[in-house]
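Have a look at the structure below before the remarks.
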2 protein chains.
Amino acid sequence: MPVAAGTRYMREVNTAAVLTLLRTVEHTSAPELARQAGLSRQAVSRSLSDLGEAGLVEFLAPVRSGVGSGRPAQRVRFRAEAGHVLGASVSPERIRVGLADLSGRVVAAHDTPPPVSEEIGSEVTARALTDAAHRVLAQARIEVGGVWHASIGVPGIVDPATGRVRFAPSMPGVTGDVLIRALGEATGREVYLDNDVKLATVGELWHGGGHRSMVLIHWGERVGAGVVVAGALHRGAANDAGDLGYLDLFTDAPAPDRGEDDAFLGAFEAWTGTGAFAALGREAARERGDHTLLTRLARPETRTATLVAAVTDGAPAALAALEEITRRFAQGVGAVRALLDPGVVVVGGPMARCGPTLLTALRAHLRRQRLDPPPLELSRLGEDAVVQGALRHSLDQVEHTRLRPPSTTG
Amino acid sequence: MPVAAGTRYMREVNTAAVLTLLRTVEHTSAPELARQAGLSRQAVSRSLSDLGEAGLVEFLAPVRSGVGSGRPAQRVRFRAEAGHVLGASVSPERIRVGLADLSGRVVAAHDTPPPVSEEIGSEVTARALTDAAHRVLAQARIEVGGVWHASIGVPGIVDPATGRVRFAPSMPGVTGDVLIRALGEATGREVYLDNDVKLATVGELWHGGGHRSMVLIHWGERVGAGVVVAGALHRGAANDAGDLGYLDLFTDAPAPDRGEDDAFLGAFEAWTGTGAFAALGREAARERGDHTLLTRLARPETRTATLVAAVTDGAPAALAALEEITRRFAQGVGAVRALLDPGVVVVGGPMARCGPTLLTALRAHLRRQRLDPPPLELSRLGEDAVVQGALRHSLDQVEHTRLRPPSTTG
DNA sequence: GTGAATTAGGTATGTACCGTACGTAACTCC
DNA sequence: GGAGTTACGTACGGTACATACCTAATTCAC
């Protein structure tokens with residue numbers, strides 16, 4: 001149903017165009033905007049005065065020390081502080097909340113471990129989240145009403161239409177709509193909730209090199225991917241695209257090693273996740289008589305950190321484990337390459353802490369495959385990717401609802 | 001760089017909206033269009049008279065036998081015959097050309113085997129293509145100038161920006177720009193050329209159920225896929241997305257059977273292609289003492305057709321081969337499911353001629369995987385998919401260049 | 001058969017937007 | 001201090017769409 005409209009619509013289009021230009025620079029002037037937008041200065045001025053009344057634009061005093069001659073232009077500035085968005089990441093390890101203004105600049109952040117009694121009831125986790133949210137608002141001296149949108153990322157299967165968590169094996173307490181309800185009541189706004197890897201992908205895409213297609217692979221205990229095609233996240237028919245952990249490469253191969261606490265692990269993540277990495281590390285340490293490493297790897301909760309540190313220290317047993325785990329992982333990257341031919345593959349999650357050594361090893365294995373390997377990068381945001389992606393999602397929502405004209409054609 | 005424009009732009013938007021509405025129905029009236037577009041009747045009338053002068057709209061006599069009372073409206077009709085597009089498929093087996101009007105209706109088609117002396121020089125194939133093109137034009141009594149755009153699909157690796165064929169192992173004669181140059185000179189228009197599987201995917205998407213995401217798997221001697229995400233074909237960074245044939249599932253598995261003439265086959269297509277199917281069929285026929293089938297399978301050029309016929313006839317040896325080949329193929333479908341979670345997976349190519357039996361067998365294997373299997377369908381267009389996709393691509397080009405307003409925001 | 005009701009087409013008027021033009025303001029350079 | 005340059009503000013003209021009103025054509029009821 002393409003729908004067209006009258007002159008009022010044209011005005012909205014032009015105002016939105018002016019605003020978009022304005023948002024890309026620190027400050028500028030009406031004549032400059034007119035040149036960039038292809039509009040007359042008057043049309044720009046009209047739009048600017050509308051935007052000024054809406055609180056989105058501030059008029060600044062003219063700058064006197066212009067190099068060229070002529071009357072100095074009145075400067076205008078996008079008022080990024082006119083509104084704010086909230087982004088949160090809730091995982092078994094951390095509750096992270098960030099507050100950003102309309103330009104995406106983070107003005108306050110909070111990072112706290114989740115309450116230990118999480119399994120008692122989801123209300124505890126939800127309260128910890130809203131507490132953190134109130135804390136960042138206080139920190140930035142922003143009223144609750146100044147939050148225009150909020151998004152949350154959690155590890156689990158999410159229905160993105162409703163924001164309900166269908167299944168979250170690592171934190172059963174957040175199943176259902178506890179989190180969006182709690183944060184919704186706290187902010188008075190509708191809250192978006194999505195899978196953490198998907199939001200992390202949005203975050204990496206935002207701060208990455210502007211790739212049109214990209215795959216972020218979260219490499220940890222579990223393995224999951226976010227698929228970006230044509231500059232946008234691809235969710236899949238059941239919001240389950242990028243479920244790399246369940247890739248089954250091993251038709252005729254023997255059953256892969258499995259970790260200990262992994263009833264729900266898929267074939268690929270059981271074979272390549274941090275559980276398998278620790279098993280490989282123990283084996284290599286035993287073979288090489290590295291008793292120090294072997295002892296340290298006995299503690300399950302720190303085994304991945306131990307092994308990653310051993311890799312960066314150059315311990316031979318750890319490097320041997322890395323060699324094997326990257327050989328396996330390269331098979332998954334190869335499948336991604338064959339199907340999607342992405343512009344870049346970004347590796348994130350706990351394994352990414354191994355650093356460039358990881359990519360070097362991966363690249364060596366990929367070169368043995370028959371297809372040209374995709375460019376590899378390490379996650380730029382690390383732990384922050386989920387919050388950044390949540391902020392980006394909220395900013396997108398705000399831009400589409402409050403900073404844009406209605407779409408021309410449906 | 002968002003650019004806005006004046007009232008003239010608004011007019012173009014509205015005219016395009018009217019035209020889009022008009023193209024969805026047989027014929028309609030100005031008041032009806034006004035209601036649908038949300039415009040006044042006058043605005044619609046102005047747009048219609050512009051479109052009439054451009055030859056895109058025809059005014060019909062009012063229909064007298066209206067059911068309700070009132071003055072009968074003048075009817076208007078989209079003149080689909082105002083322009084035509086040409087779509088072609090060039091393969092070692094056939095040269096197919098179709099001519100469609102602006103509504104996508106095929107008004108003439110031609111289907112011929114390619115010249116046998118193909119390897120002597122590409123000019124022979126190119127001339128066969130232009131001959132076929134002139135034939136469909138004569139058949140439909142259309143002047144060459146009435147062709148607004150043309151597209152060609154070929155089996156091979158193509159640079160979609162230039163339309164040059166980089167590598168076509170099955171028909172080396174078409175390497176380079178011979179085909180687009182020949183058809184370009186014949187039609188006087190720029191010609192688009194792309195990989196045949198990618199265009200077939202566009203065709204299936206067009207005539208399919210309007211899925212937002214879809215994967216078409218061409219299953220023949222080679223295996224390739226077309227990936228549709230968000231309603232559009234995904235090409236990949238090097239135009240190599242969907243290269244399912246090079247999927248390597250078999251890290252620790254023994255090297256798969258390979259056909260005889262397959263220096264360039266990837267691991268997956270060597271294991272699941274029609275070559276492997278024939279090998280499985282021979283083995284099964286030998287085991288079961290089906291000498292008739294064994295004899296027939298000795299002829300390489302008809303072995304796939306023989307085996308497909310045996311499958312539809314219910315021959316036990318053929319069904320056993322089908323069972324094994326679908327078991328293997330299901331691994332690839334599983335990888336597609338895990339990474340992309342498509343709304344539907346369409347199976348095309350020579351293997352699709354096995355019919356619903358193929359899908360039934362595939363589904364049984366997919367149910368054993370841990371992820372919910374995607375819906376499976378057989379190709380609706382079969383051999384015609386490439387030509388249909390080429391026509392659709394040309395229609396898209398025409399719509400974006402001649403039937404649409406300039407985009408609002410860049 | 002004739003008139004009321006209904007709906008479409010055509011023309012005039014009003015409103016809104018953009019662009020051009022012109023006068024005024026402010027600043028720099030000589 | 002004047003010339004040159006650039007920005008701002010207002011006025012005017014062009015174009016598009018919406019509304020209003022009149023005429024035309026057809027159906028239905030009596």
Side-chain angles (χ1 to χ4, degrees), chain A residues 2-19 21 27-53 57 59-77 405-406 408, chain B residues 2-19 21-22 27-53 57-77 405-406 408:
Chain A
V3 172
T7 56
R8 174 159 193 145
Y9 167 72
M10 182 166 57
R11 174 68 164 273
E12 288 177 25
V13 168
N14 290 343
T15 302
V18 168
L19 185 58
L21 285 170
H27 53 255
T28 181
S29 66
E32 182 59 29
L33 286 169
R35 274 188 290 274
Q36 292 177 348
L39 290 169
S40 68
R41 186 177 48 80
Q42 288 76 346
V44 171
S45 285
R46 269 190 294 269
S47 290
L48 284 176
S49 77
D50 283 4
L51 290 169
E53 286 173 24
V57 157
F59 294 87
L60 304 171
V63 181
R64 308 205 161 193
S65 63
V67 179
S69 60
R71 175 174 176 172
Q74 209 173 25
R75 314 297 289 181
V76 288
R77 185 183 74 84
T408 332
Chain B
V3 173
T7 55
R8 174 161 191 147
Y9 167 72
M10 182 167 57
R11 172 69 164 275
E12 288 177 23
V13 168
N14 289 344
T15 302
V18 167
L19 184 58
L21 284 170
L22 200 47
H27 53 255
T28 181
S29 66
E32 181 59 28
L33 286 169
R35 273 188 291 275
Q36 291 177 348
L39 290 170
S40 68
R41 184 176 48 78
Q42 288 77 343
V44 171
S45 285
R46 264 192 299 271
S47 290
L48 285 176
S49 76
D50 283 3
L51 290 169
E53 285 174 24
V57 158
E58 183 182 5
F59 295 87
L60 305 172
V63 181
R64 309 206 161 197
S65 62
V67 180
S69 59
R71 175 175 173 171
Q74 210 174 23
R75 315 294 289 179
V76 289
R77 183 182 76 84
T408 330

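Below, chains carry the letters A, B, ... as their sequence lines are ordered, and counting in each starts from 1.
Minimum interatomic distance between B:N14 and B:S47 (heavy atoms only, all atoms of both residues): C-OG, 4.1 Å. Listed here is the closest heavy atom pair of A:F59 and A:L48: CZ-O, 3.7 Å.
Between B:Q74 and A:R71, the residue anchored nearer the 5' end of DNA chain C, judged by the nucleotide with its closest heavy atom, is B:Q74.
A:R35 has its CZ atom 17 Å from the C1' atom of C:dG19, to the nearest Å. If you take CG of A:L33 and P of D:dC8, they are 10 Å apart, rounded to a whole angstrom. Between the CZ atom of B:F59 and the P atom of C:dA8 there is a distance of 16 Å, rounded to whole Å. For the pair B:L39 CG and C:dG9 C1', the interatomic distance rounds to 17 Å; values are reported in whole Å. Straight-line distance from the CZ atom of B:R75 to the P atom of C:dG9: 10 Å, rounded to whole Å. Going from atom CG of B:L48 over to atom P of C:dA8 covers 14 Å, rounded to whole Å. Going from atom CG of A:D50 over to atom C1' of C:dA16 covers 13 Å, rounded to whole Å.
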Under the criterion side chain to side chain contact (heavy atoms under 4.5 Å, CB included), I'd like the reasoning laid out for A:L51 against A:L19: C-alpha separation, chi angles, the key distance, then a yes or no. CA-CA 8 Å; A:L51 290 169; A:L19 185 58; 4.1 Å; yes

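Closest to the B:A73 side chain, of the nucleotides C:dA26, C:dG9, D:dC8, is C:dG9.
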One character per nucleotide, please: for nucleotides 10-16 of chain D, 5' to 3', B when the base has a protein heavy atom closer than 4.0 Å, S when only the sugar-phosphate does, - otherwise. B----BS

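B:R35 pairs by the side chain to side chain donor-acceptor pair (under 3.5 Å) definition with B:E32, not counting sequence neighbours. In this structure, the side-chain contact (heavy atoms from CB on, under 4.5 Å) partners of A:R46, at least two apart in sequence or on a different chain, are A:R11, A:Q42, A:A43.
Surrounding CZ of A:R77 are more than 12 heavy atoms belonging to other residues, nucleotides or ligands, all under 6.0 Å away.
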